[in-house]
Asker: 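Encoded as structure tokens, here's the structure I'll be asking about.
Below, read A as the first sequence line, B as the second, and so on, with proteins coming before strands; counting in each chain starts at 1. In this text, all values refer to a predicted model and were calculated from it rather than measured experimentally.
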There are 2 protein chains.
Amino acid sequence: MKNHQPTIIDIAKELGISKSTVSRALTGHPNISKETQKRVLELAKKLDYQKNTLALSLVKHQSFSLGAVVPELIAPFFSLAITGAQEVTSRAGYTLFICQSNESYLTEVANVKALAERQIDGIITSLSKETTDIEHLRNIQRKGIPLVMFNRVSADLEVSKVVVNDREGAFQAVEHLILAGYKRIAHLAGPKNLLISQNRLNGYLDALRTYNFPIEDELITSYDLSKGQARVALMRLLDLPQVPDAIFCINDPTAIEVMQILKVRGIKIPDDIALVGFSDDPASSLIEPSLTTVAQPIIEMGQVAAQLLLDQIQGDAEKFVPETKVLKTKLIVRRSSVKGGI
Amino acid sequence: MKNHQPTIIDIAKELGISKSTVSRALTGHPNISKETQKRVLELAKKLDYQKNTLALSLVKHQSFSLGAVVPELIAPFFSLAITGAQEVTSRAGYTLFICQSNESYLTEVANVKALAERQIDGIITSLSKETTDIEHLRNIQRKGIPLVMFNRVSADLEVSKVVVNDREGAFQAVEHLILAGYKRIAHLAGPKNLLISQNRLNGYLDALRTYNFPIEDELITSYDLSKGQARVALMRLLDLPQVPDAIFCINDPTAIEVMQILKVRGIKIPDDIALVGFSDDPASSLIEPSLTTVAQPIIEMGQVAAQLLLDQIQGDAEKFVPETKVLKTKLIVRRSSVKGGI
DNA sequence: CTGTTAGCGCTTTCAT
DNA sequence: ATGAAAGCGCTAACAG
């Protein structure tokens with residue numbers, strides 16, 4: 001079934017020259033006569049010759065391929081970040097191979113392994129929600145493969161990272177609710193193992209403390225980010241003797257899920273309960289009422305992560321020092337948190 | 001900067017055996033003593049040996065990698081389809097490398113080339129909106145690289161394809177509008193070069209004819225699917241002496257964009273103008289009013305496309321015959337097209 | 001300017 | 001059961 005693809009040897013034979021000469025002609029090496037080069041190029045075109053990058057990579061110990069491992073592409077956050085990353089990498093002549101962990105630790109490990117086996121030159125990743133053991137990434141690091149994390153990063157890894165000021169962003173979101181007059185503000189948090197969950201929770205706590213609000217454990221409830229599971233956490237809040245009048249959600253998909261449930265139950269937003277999300281997903285401005293949220297520069301995160309990776313790859317490994325870039329969030333106030341209307 | 005990764009030669013030397021033996025031990029070849037194998041495996045583990053898949057691919061003329069080239073991951077349609085495809089390919093031991101054309105013809109060509117140079121074993125693709133020249137895919141085919149198209153397929157290529165019954169789906173959507181009492185039904189179509197645009201347009205025409213509705217050219221307007229450009233096409237419709245009372249849109253993102261514009265202008269949906277989309281994107285059930293749409297089995301499309309590709313790769317090239325699978329759509333009636341409410 | 005040689009990491013005959 | 005040798009497609013010294 002394998003019909004032979006033309007190689008430089010085929011070209012060399014047909015032209016009666018050596019394969020090195022063909023190689024030189026093809027790569028644009030200076031030491032080659034215009035004449036020979038022309039003949040090679042013409043024949044290559046005629047045979048529809050296509051270089052075998054694998055062989056090249058084997059020789060060069062470089063594949064000019066990068067890998068990206070993200071939880072899931074269906075989430076706008078990740079597909080946008082990837083788009084930003086790809087922009088930067090492709091401009092630099094690298095191909096970015098995208099893998100989804102599907103929020104599964106085991107798949108994440110498998111993805112990382114598959115990429116490493118294919119000798120990719122670097123990896124950019126955001127952890128699956130299940131990941132606590134980061135041995136697979138340590139491994140990558142130990143092998144000297146550049147690694148950059150973004151969004152869901154690990155505190156235990158000394159690598160370059162790109163994050164936003166989650167804590168401040170969360171603070172601003174909750175402060176906004178407080179200033180808007182809400183009194184009993186709940187937090188629907190993410191899995192405790194994720195740093196972003198912790199940071200956003202801390203931002204929430206900071207705001208309450210700053211404004212002398214009591215901190216009540218029953219108002220803080222977390223869930224594992226599984227589609228459809230926000231409902232369970234939400235119910236805990238709704239079943240409270242004193243129901244909250246505002247909920248700050250870990251991210252937009254969560255807030256949107258909550259909004260749907262509240263609407264079905266006839267609970268008015270923002271009059272009965274106000275809602276704030278995090279990320280500014282496209283859907284957030286579409287839904288009714290539109291969702292107040294903490295916007296992140298998503299595409300930029302991807303771009304910066306990719307740039308850090310390229311810098312590390314192209315730089316001197318000896319003097320490389322991991323760097324953490326913290327991008328700025330921006331509170332976007334919409335109707336889900338403003339009683340009188342906006 | 002390249003710190004040497006352990007190879008089978010390193011293992012062989014350290015154990016005082018030949019690299020062939022190491023290879024056999026590692027691949028589980030029958031002709032090897034349990035004893036030797038055990039020693040090899042242990043040392044491999046200790047050195048954290050990782051096979052170099054590139055070298056293997058070079059020898060085997062097979063990379064166990066597949067490529068996917070899609071317009072953009074931010075569109076739920078494509079990220080879901082890819083998810084379905086990845087499910088199938090990874091179960092079969094293949095890694096799926098995902099590339100975005102960003103709806104650009106040139107990027108699509110570059111993606112396809114990059115994948116081919118990396119010796120991927122097959123490609124699954126959906127055309128960019130700009131693509132009319134399919135020479136790059138013909139090329140792939142000529143080289144004997146299996147190719148499967150889905151969704152945005154080309155009529156001029158003899159390859160396996162996965163589509164839905166776009167024409168019937170569109171017919172049902174428009175029939176629904178007719179039966180719901182709408183009299184002046186417009187169609188906001190996609191680029192004319194895309195087969196799906198043509199098919200959906202034909203479904204629209206079929207329905208009008210079936211119910212003896214006049215076909216008016218001014219009610220049919222197309223645009224290039226660029227974000228934000230639906231507005232222009234919509235304006236042509238709104239500026240008509242007799243404004244339509246219903247619009248069947250080429251897809252959900254378009255319908256959603258239209259809905260936003262109509263709402264801002266104070267046009268009531270569905271009372272002044274009814275709206276129907278195509279795809280059942282997640283946002284369609286979130287927006288207000290919820291969007292009537294023609295649902296496609298998106299994940300299944302990806303799965304089927306991947307399966308067709310694997311079948312072709314693993315099957316006998318001589319007796320391969322391209323196959324077109326047509327999956328079924330399903331009309332989902334929501335509030336954007338039902339006057340009395342639902 | 002061009003050819004020769006070696007080698008990237010691995011599998012696979014063919015011997016032994 | 002193991003080793004030696006050839007080779008996948010390409011680049012990179014080293015000669016000339």
Side-chain angles (χ1 to χ4, degrees), chain A residues 1-41 43-44 47-65 116-121 143-145, chain B residues 1-41 43-44 47-65 116-121 143:
Chain A
M1 102 147 258
K2 276 284 126 199
N3 31 355
H4 182 73
Q5 310 287 344
T7 72
I8 53 171
I9 300 198
D10 298 321
I11 298 184
K13 275 192 187 138
E14 188 148 341
L15 255 35
I17 58 181
S18 82
K19 62 175 184 170
S20 333
T21 306
V22 176
S23 170
R24 290 192 189 99
L26 257 19
T27 53
H29 191 96
N31 279 354
I32 180 105
S33 79
K34 279 284 153 239
E35 171 57 18
T36 325
Q37 175 160 37
K38 188 164 155 262
R39 289 174 63 216
V40 170
L41 257 28
L43 183 56
L47 295 180
D48 189 27
Y49 167 80
Q50 185 166 59
K51 92 162 78 170
N52 183 331
T53 309
L54 298 192
L56 208 178
S57 306
L58 195 56
V59 171
K60 297 259 199 140
H61 290 283
Q62 257 199 79
S63 63
F64 285 98
S65 312
E117 281 184 353
R118 285 177 175 75
Q119 315 297 113
I120 43 89
D121 297 338
K143 286 192 160 52
I145 301 176
Chain B
M1 99 147 259
K2 276 284 125 197
N3 30 355
H4 183 71
Q5 310 288 343
T7 71
I8 54 170
I9 300 197
D10 298 320
I11 298 184
K13 274 194 189 138
E14 188 148 344
L15 255 34
I17 58 182
S18 81
K19 63 174 182 170
S20 332
T21 307
V22 175
S23 170
R24 287 193 266 261
L26 255 20
T27 53
H29 191 95
N31 279 354
I32 180 107
S33 80
K34 280 282 153 245
E35 171 57 19
T36 323
Q37 176 160 36
K38 188 166 155 260
R39 288 174 63 214
V40 170
L41 257 29
L43 182 56
L47 294 180
D48 191 28
Y49 167 80
Q50 185 166 60
K51 94 162 77 177
N52 182 331
T53 309
L54 298 191
L56 208 178
S57 306
L58 195 56
V59 170
K60 296 258 198 137
H61 290 283
Q62 257 198 77
S63 63
F64 284 98
S65 312
E117 282 183 353
R118 283 176 175 76
Q119 314 298 112
I120 42 90
D121 297 338
K143 287 194 159 55

Asker: Roughly how many Å is it from CG in A:Asn31 to C1' in D:dC14, rounded to a whole number?
Answerer: 13 Å

Asker: Going from CD on A:Gln119 to CG on B:Asn52, what distance comes out if it is rounded to the nearest 0.5 angstrom?
Answerer: 3.5 Å

Asker: About how many Å separate CG of A:Leu15 and OG1 of A:Thr36, when rounded to the nearest 0.5 Å?
Answerer: 8.5 Å

Asker: End-to-end bend of the helix from C:dC1-D:dG16 to C:dT16-D:dA1 (five-pair axes, 10° rounding)?
Answerer: 40°

Asker: So, is A:Ser57 near the phosphate of C:dC8, with a side-chain N or O under 4.0 Å from OP1 or OP2?
Answerer: no

Asker: Round to the nearest Å and state the distance from B:Lys13 atom NZ to D:dA4 atom P.
Answerer: 13 Å

Asker: Report, as a single string ordered 5' to 3', how protein heavy atoms within less than 4.0 Å touch nucleotides 9-16 of chain C: B base, S sugar-phosphate only, - not at all.
Answerer: BBBBB---

Asker: Taking atom P of D:dA12 as reference, at what distance in whole Å does atom CD1 of A:Ile32 sit?
Answerer: 14 Å

Asker: Under the criterion side chain to side chain contact (heavy atoms under 4.5 Å, CB included), I'd like the reasoning laid out for B:Leu56 against B:Phe64: C-alpha separation, chi angles, the key distance, then a yes or no.
Answerer: CA-CA 10 Å; B:Leu56 208 178; B:Phe64 284 98; 5.9 Å; no

Asker: Nearest 0.5 angstrom please: B:Leu41 CG to B:Lys34 NZ, how far?
Answerer: 9.0 Å

Asker: Would B:Gln5 and B:Asp48 count as a side chain to side chain contact (heavy atoms under 4.5 Å, CB included) if you check the C-alpha gap in whole Å, the side-chain angles of each, and the deciding distance to 0.1 Å?
Answerer: CA-CA 9 Å; B:Gln5 310 288 343; B:Asp48 191 28; over 6 Å; no

Asker: Would you compute the distance between atom CZ of B:Arg39 and atom CD1 of B:Ile17 and round it to the nearest 0.5 angstrom?
Answerer: 6.0 Å

Asker: Without decimals, in angstroms, what is the distance between A:Gln37 CD and C:dC1 C1'?
Answerer: 12 Å

Asker: The test is side chain to side chain contact (heavy atoms under 4.5 Å, CB included); show your working for B:Ser65 and A:Arg118 and say whether it passes.
Answerer: CA-CA 10 Å; B:Ser65 312; A:Arg118 285 177 175 75; 2.8 Å; yes

Asker: When rounded to the nearest 0.5 angstrom, what is the spacing between CG in B:Leu54 and NE2 in A:His61?
Answerer: 10.5 Å

Asker: Are any of A:Ser18's side-chain N or O atoms less than 4.0 Å away from OP1 or OP2 of C:dT4?
Answerer: no

